[in-house]
Trainee: 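Below you will find the structure I want to go over with you.
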Amino acid sequence: MDLFKQRIDDLRKELNRHNHNYYVLNSPQISDYEYDMLMKELESLERDYPEFDDDLSPTHRVGSDLSAGFTQVAHIHPMLSLSNTYSVSEVDDFMTRTRQQLMGETFSIVGEMKFDGTSISLIYENGRLVRAVTRGDGEKGDVVTENVKTIRSIPLELSGKGYPKMFEIRGEIVLPWNAFEKLNAERASNGEPVFANPRNAASGTLKMQNSAEVSRRGLDAYFYYMLGNDLPCDNHYDNMLKAREWGFKVSDVMTRLESIEQVDEFISHWDTARKLLPVATDGLVFKVNSLRQQLNLGYTAKSPRWAIAYKFQAERALTRLLHVSYEVGRTGVITPVANLEPVLLSGTIVKRASLHNEDIIKSLDIHEGDMVYVEKGGEIIPKITGVEVDMRQSEAKKIEFVSHCPACGSTLQRVEGEAAWICPQKYTCKPQMVGRIEHFVGRRMMNIDGIGEETAQLLFDQGMIKNIADLYDLTLDEIAMLDRFANRSAERILQGLEASKSVPFERVLFALSIPFVGETTAKKIARKVGNIDRLMEMNNDELMEIDDVGSRIAESIIDYFAEDCNKEIIDRLRKVGLQFALPEEKSENRTNKLQGKSVVISGTFAHHSRDEYKTIIEMNGGKNVGSISKKTDYVLAGENMGPAKYEKATSLGIEIIDEDTFLKLIE
């Protein structure tokens, strides 16, 4: 038995070391295959000997599908914000003011990169991570320990020696540019709204209830400050070097500076060099190095006197518009795209920027060959913010939005009440046909392994499929005949198609590409109607009784099922075994006990997670609402209910019920 425990311990140490080499040092020492084999061995041993389980084992970094609602705790030390400036002269004033406050005493400054993510506080005891807390309001924050454990660059157990028995380290959770672009491309292909910037994506990801999804997105973390009663050094710089030895990712940008001139040079250098970094940044931070001097300088009510943040100006570049192209989405919407002379912005080469719609083109008054300003304000997705009219060529023609579909030539139609133009040929326009297939096979829809965008396009171009139902008629020999495909690849696709037959009804409904029916709406419709046959029979009024279904969505659903080709596709999919109804046990659990009732959920719960309670409310005919109003019927209150919500509910006379009372109500 001791032999197996020793092997488990050795594997954990080895995997933690390889994680550090890969995610922090960017210097992997073994192949992915070798790493996977070590992980599989550890998983097998932990499964065979559960008595040696440890919640900080590398095997737990993949996250869990089940997470309870977040609880709030007070910070040991308040997480104050920094005073900030966009002016180099004000940074110089900070240096001068610091020297005066220290009565002429010699001091040094540590210059650091200000990463654009979401702040985090980690507590370690005896070298092990015990708690991770968001900044929150500065006084208290949300406990997100389970999600933070999934971030590979954060050590769960410290390496080396000399760390305090208990200490706090603060840092920034970030989403690297490559992971951000991949996530947004995935969301766009799934018909979901894209994140405006990596900061929003990192913050939203960290607060997800599903830690397995957190793990998948590829968050990273940089650390910049340590607090505790028994720190190894008397200055900030050396403490962070120690933190690096213990396994924390501390930026190489961190530099000791001895004068105003060096500070100014640091600003000048990184104002440009930051654009090559793999993560979003929005400024620099300057801190007095000595902890004793920090203590002497003290704090204002909102920020420390010993630090200041210098914020970069929104990055902007002038480049030439080469031409405007027009893309056709799977729902027929035409999106104009500005194709540009390549320009470097925030670490990425920008060649294209969306012009969104006709109204944006008109407001910018864009002409052919114009010199345009492209901006990443706050490191957001590139957008065109203006035109340098003085550089316009005299013969340049004004950009006019197309009147016909660039793919099939059909006359475009304007969407009533919106700026969008669409191609009406839903079932003969190639980009729309291929787009629906690409959407159908996507991860959040049918998740058909082996078929991505390129393969879907190839199958369509070869005439092997024209719609989503044709996928299930593919044979091994047909697929294996394609370029770069062998029997193994073909078998993988067929296995993926077979596995998709167990995908639940709500995801099948989302995968059908009914216009305006997104992932969340599809879930609510599925839970309300129970099966596809009931949905096909519903009229406009019945559909609008479903939560989140308005007149536009109701009309879109009716129009979709009015098309014979769509009904034929559904019939074919039903025959091959796709799920077009909720499981019987879910249908049996549906009631009308909360019919017409609006419920607000607040706090954390013991018996079910917040998401599970939302499902329970919907399964019993109720409606989940996010804020309290006169129309609210109940507030389902758990531990740590927000005081503002409690006060508002009480003032409006709305019934506040606890978890046990609620469960009895829908029993």
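No experiment lies behind these values; they were computed from the predicted model shown.
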Trainee: Using every non-hydrogen atom in the two residues, find where A353 and P382 come nearest and quote the distance to one decimal.
Mentor: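 Shortest heavy-atom separation between A353 and P382 comes out as CB-O, 4.1 Å.
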
Trainee: Is the closest side-chain heavy-atom distance between P198 and V174 below 4.5 Å?
Mentor: no

Trainee: Would R443 and E186 pass as an ion pair if we require N to O under 4.0 Å?
Mentor: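 Judged by the 4.0 Å cut-off on N to carboxylate O distance, R443 and E186 do form a salt bridge.
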
Trainee: Please examine the side chains of V549 and I525, heavy atoms only from C-beta on, and report whether any two atoms are closer than 4.5 Å.
Mentor: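 Yes - at least one pair of side-chain heavy atoms lies under 4.5 Å apart.
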
Trainee: Do the numbers put K523 on top of the ring of F510, so that NZ or CZ is under 6.0 Å from the six-membered ring centre and no more than 45° off the axis?
Mentor: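 Judged by the rule, K523 and F510 form no cation-pi pair.
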
Trainee: Could you check V337 against L355 for side-chain contact (heavy atoms from CB on, under 4.5 Å), going step by step and ending with a plain yes or no?
Mentor: CA-CA 5 Å; V337 176; L355 287 166; over 6 Å; no

Trainee: Any chance you could measure I601, atom CD1, to Y613, atom OH, to the nearest 0.5 Å?
Mentor: 9.0 Å

Trainee: Is it true that, when you exclude Q457 itself, more than 12 heavy atoms of the residues, nucleotides or ligands shown sit nearer than 6.0 Å to its CD?
Mentor: yes

Trainee: If you measure from the Lys or Arg side-chain nitrogens to the Asp or Glu carboxylate oxygens, is any gap between R444 and E519 under 4.0 Å?
Mentor: yes

Trainee: Less than 4.5 Å apart, side chain to side chain, heavy atoms only: is that true for I666 and I616?
Mentor: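 SC-SC contact between I666 and I616 confirmed.
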
Trainee: So for atom NZ, which belongs to K593, do other residues, nucleotides or ligands contribute more than 12 heavy atoms lying within a distance under 6.0 Å?
Mentor: yes

Trainee: Search all heavy atoms of L219 against all heavy atoms of A202 and return the closest pair with its distance.
Mentor: CD2-CA, 3.9 Å

Trainee: Are any of the side-chain heavy atoms of C405 and C429 separated by less than 4.5 Å?
Mentor: yes

Trainee: Going through the distances and angles, do F485 and L458 end up as a side-chain contact (heavy atoms from CB on, under 4.5 Å)?
Mentor: CA-CA 11 Å; F485 277 79; L458 179 62; 4.0 Å; yes

Trainee: NZ of K623 to CD of Q595: how many Å apart, nearest 0.5 Å?
Mentor: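 Result: 12.0 Å between the selected atoms.
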
Trainee: Any donor and acceptor pair, going by atom type alone, linking the side chain of Q462 with main-chain N or O of L459 inside 3.5 Å?
Mentor: no

Trainee: Measure the spacing between CG of L509 and CD1 of I514 and express it to the nearest 0.5 Å.
Mentor: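 Separation between the atoms: 5.0 Å.
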
Trainee: Say whether, by atom type as modelled, one donor and one acceptor occur between the side chain of R330 and the main chain of Q432 under 3.5 angstrom.
Mentor: no

Trainee: Is V441 close to M446 at the side-chain level, that is, under 4.5 Å between some pair of heavy atoms?
Mentor: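 Heavy-atom side-chain distance check fails, nothing below 4.5 Å.
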
Trainee: Begin with the C-alpha distance, continue with both residues' side-chain angles, and end with the deciding distance and a verdict on salt bridge (charged side-chain N to carboxylate O under 4.0 Å, His left out) for R414 and D359.
Mentor: CA-CA 12 Å; R414 183 81 180 236; D359 290 356; 3.5 Å; yes

Trainee: Do S598 and Y634 get their side chains close enough for a donor-acceptor pair, meaning under 3.5 Å?
Mentor: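 Distance-only check fails for S598 and Y634.
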
Trainee: Is the shortest side-chain N to carboxylate O distance from R217 to E213 below 4.0 Å?
Mentor: yes

Trainee: Identify all side-chain donor-acceptor contacts of residues 565-580 below 3.5 Å with residues at least two apart in sequence or on another chain.
Mentor:
{"residue": "N566", "atom": "ND2", "partner": "Y427", "partner atom": "OH", "Å": "2.7"}
{"residue": "N566", "atom": "ND2", "partner": "Y560", "partner atom": "O", "Å": "2.9"}
{"residue": "D571", "atom": "OD2", "partner": "K575", "partner atom": "NZ", "Å": "3.3"}
{"residue": "R572", "atom": "NH1", "partner": "D470", "partner atom": "OD1", "Å": "3.1"}
{"residue": "R572", "atom": "NH2", "partner": "D470", "partner atom": "OD1", "Å": "2.9"}
{"residue": "R572", "atom": "NH2", "partner": "D473", "partner atom": "OD2", "Å": "2.7"}
{"residue": "R574", "atom": "NH1", "partner": "D533", "partner atom": "OD2", "Å": "3.2"}
{"residue": "R574", "atom": "NH2", "partner": "D533", "partner atom": "OD1", "Å": "3.0"}
{"residue": "Q579", "atom": "NE2", "partner": "K501", "partner atom": "O", "Å": "3.0"}

Trainee: Is the backbone N or O of P515 less than 3.5 Å from a side-chain atom of S556, with the two atoms forming a donor-acceptor pair by type?
Mentor: yes

Trainee: For R534, does its backbone N or O pair with a side-chain atom of E537 as donor and acceptor, under 3.5 Å?
Mentor: no

Trainee: So, are R352 and E327 salt-bridged, with charged N and O less than 4.0 Å apart?
Mentor: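 Between E327 and R352 there is a salt bridge, with a charged N closer than 4.0 Å to a carboxylate O.
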
Trainee: Give the minimum heavy-atom separation between N540 and I558, together with the two atoms involved.
Mentor: N-CD1, 3.6 Å

Trainee: Can any side-chain N or O of T475 pair as donor or acceptor with the backbone N or O of E478 at less than 3.5 Å?
Mentor: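 Answer holds: yes.
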
Trainee: Return the minimal non-hydrogen interatomic distance between G496 and I448, and the atom names on each side.
Mentor: C-CG2, 3.8 Å

Trainee: Does the side chain of S215 pick up a donor-acceptor pair with the side chain of R152 at under 3.5 Å?
Mentor: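 Yes, a side-chain donor-acceptor pair sits under 3.5 Å.
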
Trainee: Taking all non-hydrogen atoms of both residues into account, name the closest pair between V214 and M208 and its distance.
Mentor: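 Result for this residue pair: CG2-CB, 3.9 Å.
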
Trainee: The test is side-chain contact (heavy atoms from CB on, under 4.5 Å); show your working for S500 and N447 and say whether it passes.
Mentor: CA-CA 7 Å; S500 73; N447 192 25; over 6 Å; no

Trainee: Any chance you could lay out the side-chain contact (heavy atoms from CB on, under 4.5 Å) test for I120 and L206, step after step, and finish with the verdict?
Mentor: CA-CA 10 Å; I120 195 72; L206 191 62; 4.1 Å; yes

Trainee: Give a yes or no on whether the ring-centroid distance for F401 and Y326 is below 6.0 angstrom.
Mentor: yes

Trainee: I'd like to know if E146 and K149 make a salt bridge, using a cut-off of under 4.0 Å between side-chain N and carboxylate O.
Mentor: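 Salt bridge flag = yes for K149 with E146.
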
Trainee: For W421 and E358, test the side chains for any donor-to-acceptor distance below 3.5 angstrom and give the result as yes or no.
Mentor: yes

Trainee: Tell me whether K648 contacts the main-chain N or O of I628 through its side chain, where contact means a donor paired with an acceptor under 3.5 Å.
Mentor: yes

Trainee: Tell me if a side-chain donor or acceptor on N620 pairs with a main-chain N or O of G622 at a distance below 3.5 Å.
Mentor: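 Such a contact is absent between N620 side chain and G622 backbone.
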
Trainee: Rounded at 0.5 Å granularity, tell me how far CE in M445 sits from CG in L512.
Mentor: 11.5 Å

Trainee: Is it the case that the side chains of D658 and T661 hold a donor-acceptor pair, with the cut-off being a distance below 3.5 Å and no angle test?
Mentor: yes

Trainee: Could you check whether K664 pairs with E659 (Lys NZ or Arg NE/NH1/NH2 to Asp/Glu carboxylate O, under 4.0 Å)?
Mentor: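 E659 and K664: not salt-bridged.
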
Trainee: Testing the basics here: between F180 and A201, what is the closest heavy-atom pair and its distance to 0.1 Å?
Mentor: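 Shortest heavy-atom contact: CD1-CB, 4.1 Å.
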
Trainee: Quick one: does any side-chain atom of T150 pair with a main-chain N or O of N147 as donor and acceptor, under 3.5 Å?
Mentor: yes

Trainee: Between atom CZ of R492 and atom CD1 of I451, what is the distance when rounded to the nearest 0.5 Å?
Mentor: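 Atom-to-atom, R492:CZ and I451:CD1 are 10.0 Å apart.
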
Trainee: Would you say that L412 contacts I334 through its side chain, given a criterion of any heavy-atom pair below 4.5 Å between the two side chains?
Mentor: yes

Trainee: Any side-chain heavy-atom pair from F460 and T455 closer than 4.5 angstrom?
Mentor: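 Not touching, per the 4.5 Å side-chain cut-off.
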
Trainee: Look up atom CD1 in I399 and atom CD1 in I366, then write down how far apart they are to the nearest 0.5 Å.
Mentor: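 These two atoms lie 7.0 Å from each other.
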
Trainee: Under 4.0 Å between a side-chain nitrogen and a carboxylate oxygen: does that hold for D142 and R135?
Mentor: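 Salt bridge between D142 and R135, a charged N being under 4.0 Å from a carboxylate O: no.
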
Trainee: Within the structure provided, determine whether I493 and D449 are in side-chain contact (heavy-atom separation under 4.5 Å).
Mentor: no

